[in-house]
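Here the structure is laid out as structure tokens; the discussion comes afterwards.
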Number of protein chains: 2
Amino acid sequence: MLRLSKKTDYGLLALRYLAAEAPAGVASARAIAERYDIPVELLAKVLQQLARLGYVAAQKGAHGGYHLTRPASAISLAEIVQAIDGPLAITACGRDEEQCEQFGTCTVRDPLVRVTERILSVLQTMTLAEMVPGEGAMPMVWRGAAR
Amino acid sequence: MLRLSKKTDYGLLALRYLAAEAPAGVASARAIAERYDIPVELLAKVLQQLARLGYVAAQKGAHGGYHLTRPASAISLAEIVQAIDGPLAITACGRDEEQCEQFGTCTVRDPLVRVTERILSVLQTMTLAEMVPGEGAMPMVWRGAAR
DNA sequence: TAATATAGGACTAATCAGGTCGGAGTTGAG
DNA sequence: CTCAACTCCGACCTGATTAGTCCTATATTA
Ligand code: SF4
Ligand code: SF4
């Protein structure tokens, strides 16, 4: 029903925390999970994935944790979503060989990929920095930002 | 993973068929299902839902079928999606009382509803008529259509 | 009346997201 | 140097949502 997964939701929450509220920009999975009342292991998994993709760096051992590797203004919502949920696709035919039965006779595929591209561009124009009101840059250049 | 349901996909296919290819703008659920190799019963259910909402009208009995009640240019993709999949929501907190555990401590809710609104506007700017290349109006007023 | 079409509910099967478990690696105090 | 505590990490399990099926009732037309 056009919903993004809870994992993405949690990941977003965590990244925003690292960007805005974390003591020295560093926080452990446990700390973030307790702050937002999220299952620890699940959030850990999300952060692991983000670490694998290089959005955050992990520090093991005591007093370890995660920290951002890029400025929050350089991380788009689109990147986060795709890092966790995989490539953005509105339909089943969206990516890979995952094509549906009616791939051959389908007449709405092309219009829908156009829609997908536009949604992607919406996600790309929203950066992590714009999600934290006080901190970072909060540019007032909203209008005309499409595309 | 931000995908719209197969039902919506089928419904879209059916509506486009009624708008563009159907003999006299009328076709039965069976005919459409066979045309696109869709489970008949499932497509029937989708069309019933669309009929209930008033997007198509049903004619029972022999030589019956469905036909659009509005010009294709007056039906937006947003309407179709919401008619079949229910209200558009990116997150679990999106609608109703379906609120998640971290509703109270959540810090990303507001930005995400903004994103939802923008995605909705993308879907609203795409009409059924724009999905059939030859027929109907295909306006070239894409740029600057956001919001 | 026989054939064809929609209307609507209940039921089953498959898929996927959400959540859980135990283990491996690192750190730092003693 | 040793060891215990803390962290990340990968695989596994389970419940919820979706996709699809089946059956019965009702309406229309040839
Ligand atoms: S029906 Fe068409 S648009 Fe939908 S998944 Fe299949 S090929 Fe893609
Ligand atoms: S975590 Fe926040 S944005 Fe996500 S569903 Fe819960 S309240 Fe909504």
Side-chain angles (χ1 to χ4, degrees), chain A residues 1-11 13-14 18 26-34 36-67 81 84-86 89 91-92 94-95 98 100-102, chain B residues 1-11 13-14 18 22-23 26-34 36-67 69 81 84-86 89-92 94-95 98 100-102:
Chain A
M1 184 223 274
L2 207 50
R3 261 217 291 250
L4 51 82
S5 74
K6 209 95 190 197
K7 278 190 198 173
T8 302
D9 217 356
Y10 293 159
L13 223 35
L18 288 178
V26 178
S28 71
R30 178 179 310 276
I32 303 175
E34 283 174 0
Y36 295 109
D37 200 29
I38 300 172
V40 188
E41 288 85 357
L42 184 54
L43 179 61
K45 194 183 337 201
V46 172
L47 286 167
Q48 286 163 30
Q49 175 73 11
L50 289 172
R52 218 173 297 137
L53 274 292
Y55 293 99
V56 298
Q59 180 61 25
K60 289 190 178 181
H63 302 86
Y66 294 94
H67 64 92
V81 170
I84 300 174
D85 269 353
T91 59
R95 304 287 168 184
E98 193 188 357
C100 77
E101 280 295 326
Q102 34 278 126
Chain B
M1 183 223 273
L2 207 51
R3 259 217 291 252
L4 51 83
S5 75
K6 209 96 193 201
K7 277 191 196 173
T8 301
D9 217 356
Y10 293 158
L13 223 35
L18 289 177
V26 177
S28 71
R30 178 179 311 276
I32 302 175
E34 283 173 0
Y36 294 108
D37 199 31
I38 299 172
V40 188
E41 332 282 353
L42 185 53
L43 179 62
K45 214 186 292 271
V46 172
L47 285 168
Q48 285 166 29
Q49 174 74 9
L50 289 173
R52 222 173 294 138
L53 274 290
Y55 293 99
V56 298
Q59 179 60 28
K60 288 190 176 183
H63 301 89
Y66 295 93
H67 65 91
T69 57
V81 170
I84 300 174
D85 268 355
I90 295 300
T91 58
R95 304 287 168 184
E98 193 187 358
C100 75
E101 281 293 327
Q102 34 278 127

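Fair warning: this is a prediction, and the values are worked out from it, not measured in the lab. Below, read A as the first sequence line, B as the second, and so on, with proteins coming before strands; counting in each chain starts at 1.
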For A/S28, all residues meeting side chain to side chain donor-acceptor pair (under 3.5 Å), sequence neighbours excluded: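 Counting only residues at least two positions away or on another chain, A/S28 forms no side chain to side chain donor-acceptor pair (under 3.5 Å).
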Strand contacts (DNA chain D) in residues 53-65 of chain B, 4.0 angstrom heavy-atom criterion: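 Only B/Q59, B/K60, B/G61, B/A62 qualify.
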B/S5: side chain to side chain contact (heavy atoms under 4.5 Å, CB included) partners, not counting sequence neighbours: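 B/S5: side chain to side chain contact (heavy atoms under 4.5 Å, CB included) contacts with B/K7, B/T8, B/D85.
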All side chain to side chain contact (heavy atoms under 4.5 Å, CB included) counterparts of A/A57, not counting sequence neighbours: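 A/A57 satisfies side chain to side chain contact (heavy atoms under 4.5 Å, CB included) with A/H67, A/T69 once adjacent residues are dropped.
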N/O donor-acceptor pair under 3.5 Å between A/Q59 side chain and A/G65 backbone: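 A pair under 3.5 Å: no.
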What integer distance in Å separates [X]:[atom1] from [N]:[atom2]?
X: B/R3; N: C/dT15; atom1: CZ; atom2: P; value: 12 Å
X: A/L43; N: C/dT20; atom1: CG; atom2: P; value: 13 Å
X: A/L2; N: D/dT18; atom1: CG; atom2: C1'; value: 15 Å
X: B/I32; N: C/dA5; atom1: CD1; atom2: C1'; value: 13 Å

Sugar-phosphate, base or nothing in reach of A/A29, heavy atoms under 4.0 Å: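 Sugar-phosphate contact only.
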With a 3.5 Å cut-off and sequence neighbours excluded, list the donor-acceptor pairs that the side chains of residues 43-52 of chain B form with protein atoms.
{"unit_1": "B/Q49", "atom_1": "OE1", "unit_2": "B/R52", "atom_2": "NH1", "d": "2.7"}
{"unit_1": "B/Q49", "atom_1": "NE2", "unit_2": "B/A83", "atom_2": "O", "d": "3.2"}

Phosphate OP1/OP2 of C/dA17: any A/Y10 side-chain N/O under 4.0 Å: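 Result: no.
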Any B/R30 side-chain nitrogen or oxygen under 4.0 Å from OP1 or OP2 of C/dT4: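 Checking B/R30 against C/dT4: no side-chain N or O falls below 4.0 Å of OP1 or OP2.
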Report, one pair per line, the protein and nucleotides 8-11 of chain C atoms (nitrogen or oxygen only) whose separation is under 3.5 Å.
{"unit_1": "C/dG8", "atom_1": "OP2", "unit_2": "B/R52", "atom_2": "NE", "d": "3.4"}
{"unit_1": "C/dG9", "atom_1": "O6", "unit_2": "B/K45", "atom_2": "NZ", "d": "3.2"}
{"unit_1": "C/dA10", "atom_1": "N6", "unit_2": "B/K45", "atom_2": "NZ", "d": "3.0"}

